[in-house]
Amino acid sequence: MRLRDLPSVDELARRSDDPLAVEAARKVVARARGQIRQGDDPGDLAALLQNELDAARTPHLRRIINATGVIVHTNLGRAPLAEAALDRVREIARGYSNLEYDLAAGGRGSRQGHVADSLRRLTGAEAALVVNNNAAAVMLALAALAEGCEVLVSRGELIEIGDGFRIPDVLERSGARLREVGTTNRTRAADYEAAIDPETAVLLRVHQSNFRVVGFTEQPSLRELADVARRHNLRLVDDLGSGALVDIGDEPTARASLAAGADIVCFSGDKLLGGPQAGIVVGRAELVEKLRCHPLQRALRADKLTLAALEGTLALAVDAPDEIPVLRMLREPVEAVSARAARLAELVHGEVEETVARAGGGSLPLTELPSFACAVEEELAVKLRAGDPPVIAVVRDGRTLLDCRTLTDAEADEVAVAVEAARA
Ligand SMILES: *Cc1c(COP(=O)(O)O)cnc(C)c1O
């Protein structure tokens with residue numbers, strides 16, 4: 001085909017009565033022009049137009065299968081929701097709800113009331129508040145408790161979580177002023193004490209989520225920091241990051257943090273809690289109330305889908321934690337993972353390989369979870385990613401590893417079908 005044989009965008013678009021045809025035809029003609037210039041044949045333009053129209057109607061945000069062995073995978077949507085949590089979302093989203101309606105009083109109610117009781121029960125806190133994510137929770141806490149004042153943070157905790165969430169920047173945006181204390185590897189309670197002046201309002205402790213400092217290190221315990229805060233009538237805010245509700249490895253729980261004397265504790269809903277994206281604030285009632293009344297709260301609050309999914313997840317945290325996918329994957333005995341890998345290997349004629357899975361999401365950075373993968377040909381990784389549903393695996397030492405700790409049994413069956421399709 002020569003350039004002058006190419007139909008115009010309008011001519012090509014007229015071959016379809018699809019309302020998206022002009023936009024699709026523009027892409028097809030532009031691509032064909034480039035191919036002709038390079039001496040290539042663009043192929044059947046009508047068929048290409050139809051492909052383009054099909055692609056435009058395929059959802060862009062898609063379900064994928066996570067065979068990476070990273071449980072809370074930030075790029076892959078973090079925590080998969082439990083069935084019971086999804087049921088709550090469907091129930092609440094498909095019709096009207098009492099989101100901000102008090103059924104007993106017959107008038108306006110608070111959206112924050114729906115999960116407050118469960119969060120109080122699970123953490124021992126006096127009060128709780130839910131916002132859009134944990135970054136928002138930390139921002140709101142600092143804005144409400146330290147605007148125009150100083151916040152003391154250890155130099156060892158001025159961290160970046162990922163995607164540009166840097167504690168010093170968040171602090172500045174909240175309207176508070178950062179005052180660094182101690183050193184990168186060693187900070188003592190006395191360093192905080194020495195830095196306190198009339199401008200100081202808050203001591204902020206940030207959990208070292210995604211890294212560890214090892215060797216010659218020292219950090220005050222939360223209890224020591226709480227003592228300093230009490231003596232000087234300051235607030236102690238603890239950003240836990242993951243914020244496990246049940247005991248998982250050495251990840252601090254919100255309950256332990258409050259018991260040690262933190263006034264406000266912030267953590268994520270979609271890390272080790274295994275629920276929807278959310279920022280959860282628990283702590284002393286009069287301080288949580290200050291956060292609730294702050295104008296930023298209105299901008300950062302969680303929506304009804306989040307609250308429904310969170311209520312569903314919190315109910316399971318008490319009664320059936322293993323129905324929360326994140327907790328189930330973290331705690332599944334390695335024998336069960338190994339059996340899944342063996343079954344998958346048999347289905348696809350792969351090899352079982354011992355691997356190490358990770359909690360991910362900046363949680364338990366040093367914890368290696370024993371796991372098993374099914375190893376197949378290296379070149380399948382790209383094809384699996386292009387499949388439907390896409391399967392995301394890890395390429396190592398010339399092979400594609402399908403880690404079975406992050407697969408359900410049903411997903412392992414889907415992966416087997418995907419491997420066959422990728423080989424065909
Ligand atoms: C993950 C994390 C955050 C951010 O939480 P999001 O829910 O992703 O907004 C903040 N602080 C710490 C310590 C974290 O680990």
Side-chain angles (χ1 to χ4, degrees), residues 70-81 115 119 128-143 145-146 151 153-174 176 178 187 202-213 219 222 225 236-245 248-254 256-257 262 264-283 291 296-297 299-303 305-307 309-310 313-314 326 330 358-367:
V70 179
I71 295 172
V72 181
H73 198 305
T74 301
N75 300 144
L76 304 184
R78 285 199 184 164
L81 290 180
V115 291
L119 284 170
L129 182 82
V130 181
V131 290
N132 181 54
N133 56 18
N134 188 36
V138 174
M139 170 95 123
L140 177 60
L142 295 174
L145 303 179
V151 175
V153 189
S154 161
R155 289 194 169 89
E157 296 173 359
L158 291 172
I159 58 174
E160 173 172 320
I161 307 300
D163 206 17
F165 180 84
R166 292 182 156 183
I167 292 294
D169 299 339
V170 173
L171 235 153
E172 188 181 324
R173 294 286 164 163
S174 73
L178 168 65
T187 302
V202 162
L203 308 187
L204 173 64
R205 195 195 62 158
V206 184
H207 179 51
Q208 294 179 341
S209 298
N210 46 5
F211 72 108
R212 291 285 181 272
V213 181
Q219 276 179 298
L222 204 56
L225 283 188
L236 175 59
V237 175
D238 193 15
D239 172 15
L240 278 183
S242 286
L245 286 179
I248 305 169
D250 55 3
E251 207 44 50
T253 62
S257 186
I264 288 285
V265 177
C266 307
F267 55 99
S268 272
D270 57 350
K271 289 182 180 173
L272 294 181
L273 197 157
Q277 178 189 303
I280 298 167
V281 181
V282 293
L291 269 62
L296 263 182
Q297 191 272 132
L300 301 176
R301 69 187 190 180
D303 84 318
L305 307 190
T306 301
L307 292 170
L310 185 59
T313 308
L314 293 175
V326 166
L330 275 169
R358 299 209 172 263
S363 321
L364 307 163
L366 301 187
T367 303

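Just follow the structure's listing: the first ligand is 1, and inside any ligand the first atom is 1.
- Applying the side chain to side chain contact (heavy atoms under 4.5 Å, CB included) test between Ile280 and each of Asn133, Leu310, Asn134, Leu129 identifies Leu310 as the sole match.
- The local environment of CZ in Arg173 is sparse, with at most 12 non-hydrogen atoms from other residues, nucleotides or ligands closer than 6.0 Å.
- The CG atom of Leu204 lies 12.0 Å from the CD1 atom of Ile264; values are rounded to the nearest 0.5 Å.
- At least one N/O-N/O distance between Asn134 and ligand 1 falls below 3.5 Å.
- Which parts of ligand 1 touch Ala135 is read off a 4.0 Å heavy-atom cut-off, strictly below it: atoms 4 (C), 5 (O), 6 (P), 9 (O).
- Each of Leu273, Ile71, Leu81 was compared with Val326 under the side chain to side chain contact (heavy atoms under 4.5 Å, CB included) criterion, and only Ile71 meets it.
- No part of Gln277 comes within 4.0 Å of ligand 1, judged by heavy-atom distances.
- Every atom of ligand 1 is numbered from 1 in the order shown, and the set under 4.0 Å from a heavy atom of Arg78 is 6 (P), 7 (O), 8 (O).
- In this structure, CD on Gln208 lies 7.0 Å from CD1 on Ile159, to the nearest 0.5 angstrom.
- At least one heavy atom of Lys271 sits less than 4.0 Å from an atom of ligand 1.
- Near Ser268, the atoms of ligand 1 lying under 4.0 angstrom from a non-hydrogen atom of the residue are 5 (O), 6 (P), 7 (O).
- For the atom pair Ser257 OG and Leu236 CG, the distance stands at 7.5 Å (nearest 0.5 Å).
- Considering backbone and side-chain atoms together, His207 places no N or O closer than 3.5 Å to any N or O of ligand 1.
- Heavy-atom contacts of Asp239 reach the following atoms of ligand 1: 10 (C), 11 (N), 12 (C), 13 (C) (cutoff under 4.0 Å).
- Each of Leu158, Val170, Asp169 was scored for a side chain to side chain contact (heavy atoms under 4.5 Å, CB included) with Leu178, with one residue passing: Leu158.
- Using a non-hydrogen distance threshold of 4.0 Å, Glu160 does not register as a contact of ligand 1.
- Contacts with ligand 1 closer than 4.0 Å are made by no heavy atom of Met139, backbone or side chain.
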